Amino acid sequence: EKIFHNRDHSDVDVHAPHHAELIVDTDTARQFLSKYGFLKPLRLDESQSKEADYILGGERLHMRIQEGRSASRTGIETDVSANIPDLISGLRQFQVMSGLPETGVFDDATKAAMNKPRCGVPDRLSPTGSSVKDNSTGSSVKDNSTGSSVKDNSTGSAPADPVASNATINITDDQSDRNLKPASPR
Amino acid sequence: QKRHLLTLLSKRRSKQEAGNLRQIAFSKQLLKWRLIGEGYSSQLSIDDQRYIFKLAFRMWSEVSPLDFVEDVHSPLAEIDIRLGFGTGRHLGCTQAFDGAGQEFAHAWFLGDIHFDDDEHFTAPNTGYGISLLKVAVHEIGHVLGLPHIFRPGSIMQPSYLPQDTGFEIDWLDRKAIQKLYGGCRGHFSTVFDWIRKERTPYGEVVVRFNTYFMRGGWYWMYENRNNRTRYGDPVAVQMGWHGVPSNGVDAYVHVWTWTTDAAYFFKGTQYWRYDGENDEAFTEDSEGCRYPRLISEGFPGVPSPIDTAFYDRRDSLIYFFKGKDVYAFHVGTHAVVSGYPKKIREAFPALVPGDHPVGHLDAAYLSYTHNAVFLLKGTRFWRLLGTREQRLKPSLPRNSLLPGKEVDQQWFDICDVHKTNLKM
């Protein structure tokens with residue numbers, strides 16, 4: 001419950017919740033794709049993922065390696081936009097997964113899909129980046145009862161019951177809302 | 001030591017296969033959950049939050065052999081699934097939330113669930129906001145081991161689809177969770193098709209039936225055309241069958257002839273006649289019989305209690321099963337047929353030698369969907385040779401039993417829920 005002290009709660013800081021940063025350009029799209037597993041984050045070895053002195057080729061170098069960008073010997077960060085093929089393939093995979101046209105371009109439809117409310121669990125879980133696609137055959141389950149008629153062909157003597165004679169009574173499996181038994185509240 | 005999605009493989013839970021995330025699953029069937037005190041949402045009452053989570057867990061329990069129980073007393077370390085709301089950096093989590101919009105929640109395999117309280121979560125069927133129930137069912141799916149599934153209709157799709165009232169866990173999602181935890185099995189007290197006559201708006205009489213599976217004091221309506229039980233079942237027997245013993249019955253028999261249309265429930269040494277018109281058990285029927293009545297009075301020569309029974313309209317006989325014996329009771333002569341009791345093996349011989357329930361049956365079920373009689377015992381069933389099959393192969397003994405099969409291969413997803421979740 002929000003903390004308040006004034007009787008009229010006027011001191012409650014009804015702060016407007018801060019809003020998620022929209023996905024508006026290839027940079028924010030890249031972050032989205034990386035977060036949800038469509039881009040392999042630059043594979044940095046654990047031991048190199050921080051600022052430190054490194055011995056490379058017999059030369060002592062002070063280097064800061066920051067995830068998501070390639071690090072050069074001189075520590076000058078080179079823009080990873082050189083990884084455009086990476087971005088395009090990530091976009092394509094996201095578009096395929098989302099049922100969008102597979103353009104590989106950060107187009108409006110892709111932008112809209114990226115800004116939808118969604119679950120924070122990555123879409124591609126296994127480190128090998130194997131996609132998690134539902135490969136079911138989508139086989140629908142055969143409906144095994146569509147109002148089967150009960151036809152009794154027994155050669156019973158006197159018609160002992162309405163079904164024994166050759167009359168046929170259609171007994172239908174009723175799931176309409178007329179079934180008498182109450183369903184649970186749901 | 002914060003558990004993280006990709007690396008979590010807690011010592012406490014077994015993983016079925018290294019490396020293949022799909023095979024991570026809990027190794028026990030009863031899981032405890034708790035909405036943690038420091039993680040209440042500021043948008044819904046605490047009771048609403050807990051009720052919605054309870055319903056979300058129940059929905060998974062209705063389609064899997066897992067049971068879930070809310071545990072607010074045990075030490076936190078003993079709680080399998082912890083749920084909490086937070087904003088931005090929250091609850092010691094390594095993955096901060098992003099504010100209103102986009103990420104609304106995340107979950108850990110076999111672990112915890114966090115909801116972004118900057119989102120506008122609402123109770124089911126309010127028609128606006130983000131349905132907390134739907135998000136919770138999705139995130140619980142992750143905790144149980146399901147990844148995102150890109151299939152229209154799946155509850156495991158990553159993006160939130162505006163609240164479609166009455167969403168449920170569909171067939172393929174059920175099969176996905178059953179692939180991790182197996183199907184639902186168990187014995188039934190009785191199974192029957194409930195028949196009733198109705199008059200259409202045009203005045204014609206139609207006969208309808210619904211199929212019911214009963215287990216102790218609970219029952220499911222089985223929707224044959226959808227291959228599943230009714231959403232929201234099981235429900236308590238006394239909710240749907242007024243005047244019938246609330247802890248369930250041994251047998252149900254529907255005697256249907258030109259002159260009689262009587263539905264009976266049997267329990268112990270007594271039986272009740274059910275009044276379909278008023279949807280309750282008779283206390284006194286039109287013939288002046290008062291209920292409950294002793295089985296020995298209404299069906300002289302039949303012992304009690306019985307295991308189960310069914311009425312065979314082909315020969316106007318009610319077959320009462322008790323132990324390894326069966327009693328044939330003729331509704332016309334109102335007496336046990338001479339030569340009975342017989343061994344069930346004798347009256348209902350096995351087509352395949354040795355493949356026979358022998359005795360102590362759970363249920364005898366005359367199914368209008370399959371136009372056949374089934375004998376159920378434990379998790380298996382045996383179908384009686386039908387009239388048509390008999391005619392095609394006159395050499396086969398009458399009422400032969402075809403080889404047994406597993407119940408959950410013919411009737412699907414008849415799953416129990418934890419007793420604390422039964423009455424919702």
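Letters A, B, ... mirror the listed sequences (proteins, then strands); counts begin at 1. In this text the structure is predicted, and so the values were computed from the model without any measurement.
- Applying the 6.0 Å contact sphere to CD of A/Glu102 captures more than 12 heavy atoms from other residues, nucleotides or ligands.
- The side-chain hydrogen bond (donor to acceptor under 3.5 Å, both in side chains) test applied to B/Lys175 returns B/Gln178, B/Asp413, not counting sequence neighbours.
- Scanning all heavy atoms of the two residues, the minimum distance from A/Pro122 to B/His148 falls at O-ND1, 3.6 Å.
- Every salt bridge (Lys or Arg N to Asp or Glu O under 4.0 Å) that B/Asp315 has, sequence neighbours left out, goes to B/Arg398.
- To the nearest 0.5 Å, atoms NZ (A/Lys35) and CD (B/Glu103) are separated by 3.5 Å.
- Contact annotation: the side chain of A/Cys119 approaches that of B/His142 to within less than 4.5 Å [non-hydrogen atoms, C-beta and beyond].
- The candidate with the highest count of non-hydrogen atom pairs below 4.5 Å against chain A, out of B/Gln43, B/Gln102, B/His106, is B/Gln102.
- A 4.5 Å side-chain heavy-atom check between A/Val96 and B/Phe150 finds every atom pair outside the cut-off.
- Here the closest non-hydrogen pair linking B/Gln95 and A/Gly120 is NE2-O, 3.2 Å.
- Distance CZ/A/Arg118 to CZ/B/Phe104: 8.0 Å, rounded to 0.5 Å.
- Note: A/Ala20 leads A/Ala113, A/Gly99, A/Ala20, A/Ser98 in heavy-atom pairs under 4.5 Å with chain B.
- Contact of B/Gln157 with chain A is not made at all, since no heavy-atom distance falls under 4.5 Å.
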